[in-house]
Amino acid sequence: EGGAAVVHARRGYRGRVDGVRGPVGGRHLVAHAHQLGLGTGKAGGALRRREETGGRGAPELADAAAHDGPVYLRFGRSEVPVFTTPDTPFAIGKALTLWQPEGGAKPKVAILGTGSMSYNALAAARALHADGIEAVVIHVPTVQPLDEAAIVSAAREAGRVITVEEHQVAGGFGSAVAELLARKCPVPMEFIGIQDEFGQSGNPDELIEHYGLAAAHIAEVARRLIGA
């Protein structure tokens with residue numbers, strides 16, 4: 001009563017997540033799941049603490065504990081690139097622009113990422129920029145609630161949207177964005193993620209490449225969508 005209840009889940013058999021069970025009558029529930037996604041790496045070995053994985057964690061955890069409602073946090077295990085700083089703002093339901101064209105140039109595509117995939121989206125935008133193709137990259141740290149205003153604004157400005165997630169495409173981040181844009185700003189879209197396949201155990205970087213989540217593939221999908 002009066003505090004945040006923290007529930008911990010881990011990867012179960014064949015990558016399924018153990019159920020989060022028990023009565024949840026209060027509003028302050030923080031459910032945290034780890035060893036999820038392709039970043040789990042090879043089977044076995046000890047878990048690393050969040051601070052050792054290269055991610056921030058602290059602002060998100062603080063906001064989760066203070067949030068008046070249930071919260072679900074998803075963590076991987078492997079090291080990931082750091083594309084924010086301790087001063088980067090974080091707020092539940094707020095997106096962050098990581099890359100935009102200079103000099104008022106109009107982007108030809110908006111690349112929306114969530115989690116560590118936003119770094120790959122950023123790398124893809126750099127590659128596209130080198131080829132004279134401008135993009136805007138939006139990092140969406142919370143899938144529910146979405147930053148509807150930021151997503152609709154990016155879609156309206158660019159006219160095309162790509163979503164990138166380390167997750168099944170069906171029923172995931174891309175689906176949530178598509179539902180929003182279908183109602184408020186229909187545009188051509190591409191969905192980068194796991195395409196209805198079972199996951200595998202292996203080197204995280206190799207798995208990212210295998211499932212088409214690497215920056216080079218994101219850039220190629222953008223070129224195809226634009227028709228470049």
Side-chain angles (χ1 to χ4, degrees), residues 39 54-56 59-60 80-167 169 172-195 205 208-209 211-228:
R56 293 190 309 165
E60 291 87 344
V80 295
V82 177
F83 55 89
T84 60
T85 72
D87 296 325
T88 301
F90 171 81
I92 293 173
K94 291 297 181 181
L96 178 67
T97 301
L98 298 181
W99 179 278
Q100 56 188 353
E102 297 179 350
K106 179 178 173 61
K108 294 184 177 180
V109 62
I111 308 176
L112 277 54
T114 188
S116 61
M117 290 299 99
S118 291
Y119 177 82
N120 293 13
L122 181 58
R126 290 181 181 275
L128 291 169
H129 175 72
D131 291 341
I133 301 172
E134 298 299 343
V136 59
V137 177
I138 308 294
H139 173 52
V140 186
T142 59
V143 178
Q144 173 63 28
L146 284 173
D147 189 339
E148 295 193 0
I151 292 172
V152 170
S153 176
R156 184 170 289 124
E157 180 184 26
R160 306 171 186 87
V161 168
I162 297 172
T163 58
V164 189
E165 59 191 304
E166 187 194 357
H167 186 274
V169 167
F173 169 59
S175 295
V177 172
E179 290 174 10
L180 167 65
L181 295 181
R183 290 186 287 109
K184 297 193 174 183
C185 184
V187 295
M189 289 188 66
E190 287 285 352
F191 306 87
I192 296 178
I194 311 302
Q195 304 291 339
D205 290 337
I208 291 295
E209 185 73 32
Y211 287 105
L213 305 180
H217 180 71
I218 298 171
E220 180 56 34
V221 171
R223 293 186 185 97
R224 186 168 65 242
L225 182 61
I226 295 167

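Note that these values count all heavy atoms, side chains included, but never hydrogens, waters or copies made by symmetry. It should be emphasised that the depicted structure is a prediction, and the values quoted were computed from it without experimental measurement.
In this structure, Glu157 places its CD atom where more than 12 heavy-atom neighbours from other residues, nucleotides or ligands lie under 6.0 Å away. Heavy atoms from other residues, nucleotides or ligands lying under 6.0 Å from OH of Tyr119 number 12 at most.
The nearest pair of heavy atoms linking Ala125 to Trp99 is CB-CD1, 3.8 Å. Contact between Ala155 and Val187 at its shortest, heavy atoms only, is O-CG1, 3.9 Å. Across His217 and Gly212, no two heavy atoms sit closer than the pair CD2-O, 2.6 Å. What you find for Ala219 and Leu128 is that their closest heavy atoms are O-CD2, 3.7 Å. Here the closest heavy-atom approach between residue Pro101 and residue Ala135 is recorded as CD-O, 3.5 Å. Taking both residues in full, the closest heavy atoms of Asn120 and Ala214 are given as ND2-CA, 4.0 Å, listed atom of the first, atom of the second, then distance.
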Derivation and outcome, side chain to side chain contact (heavy atoms under 4.5 Å, CB included), residues Thr97 and Val137: CA-CA 6 Å; Thr97 301; Val137 177; over 6 Å; no
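Here the side chain of Glu165 pairs a donor or acceptor atom with the backbone of Phe173 at under 3.5 angstrom.
The line from NZ of Lys106 to CD of Glu134 is 12.5 Å long, rounded to the nearest 0.5 Å. Here Leu213 contributes atom CG and Ile218 contributes atom CD1; the two are 7.0 Å apart, rounded to the nearest 0.5 Å. Interatomic distance, CZ of Phe83 versus CG of Leu122, reported as 8.0 Å (0.5 Å rounding). Note: His129 NE2 to Glu102 CD = 6.0 Å, rounded to the nearest 0.5 Å.
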Table please: side-chain donor-acceptor pairs of residues 138-148 below 3.5 Å, with sequence neighbours left out.
from: His139; atom 1: ND1; to: Ser118; atom 2: OG; distance (Å): 2.6
from: Thr142; atom 1: OG1; to: Gly93; atom 2: N; distance (Å): 2.9
from: Thr142; atom 1: OG1; to: Pro145; atom 2: O; distance (Å): 3.0
from: Asp147; atom 1: OD1; to: Ala150; atom 2: N; distance (Å): 3.2
from: Asp147; atom 1: OD2; to: Ala95; atom 2: N; distance (Å): 2.8
from: Glu148; atom 1: OE1; to: Lys184; atom 2: NZ; distance (Å): 2.9

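Side-chain contact check for Ile194 versus Val169: every heavy-atom pair is 4.5 Å or farther apart. When side chains are defined from C-beta on, Asp131 counts as touching Arg223, because their heavy atoms get closer than 4.5 Å.
Test Ile162, Leu225, Leu112, Val177 against Met189 for side chain to side chain contact (heavy atoms under 4.5 Å, CB included) and you get one pass: Val177.
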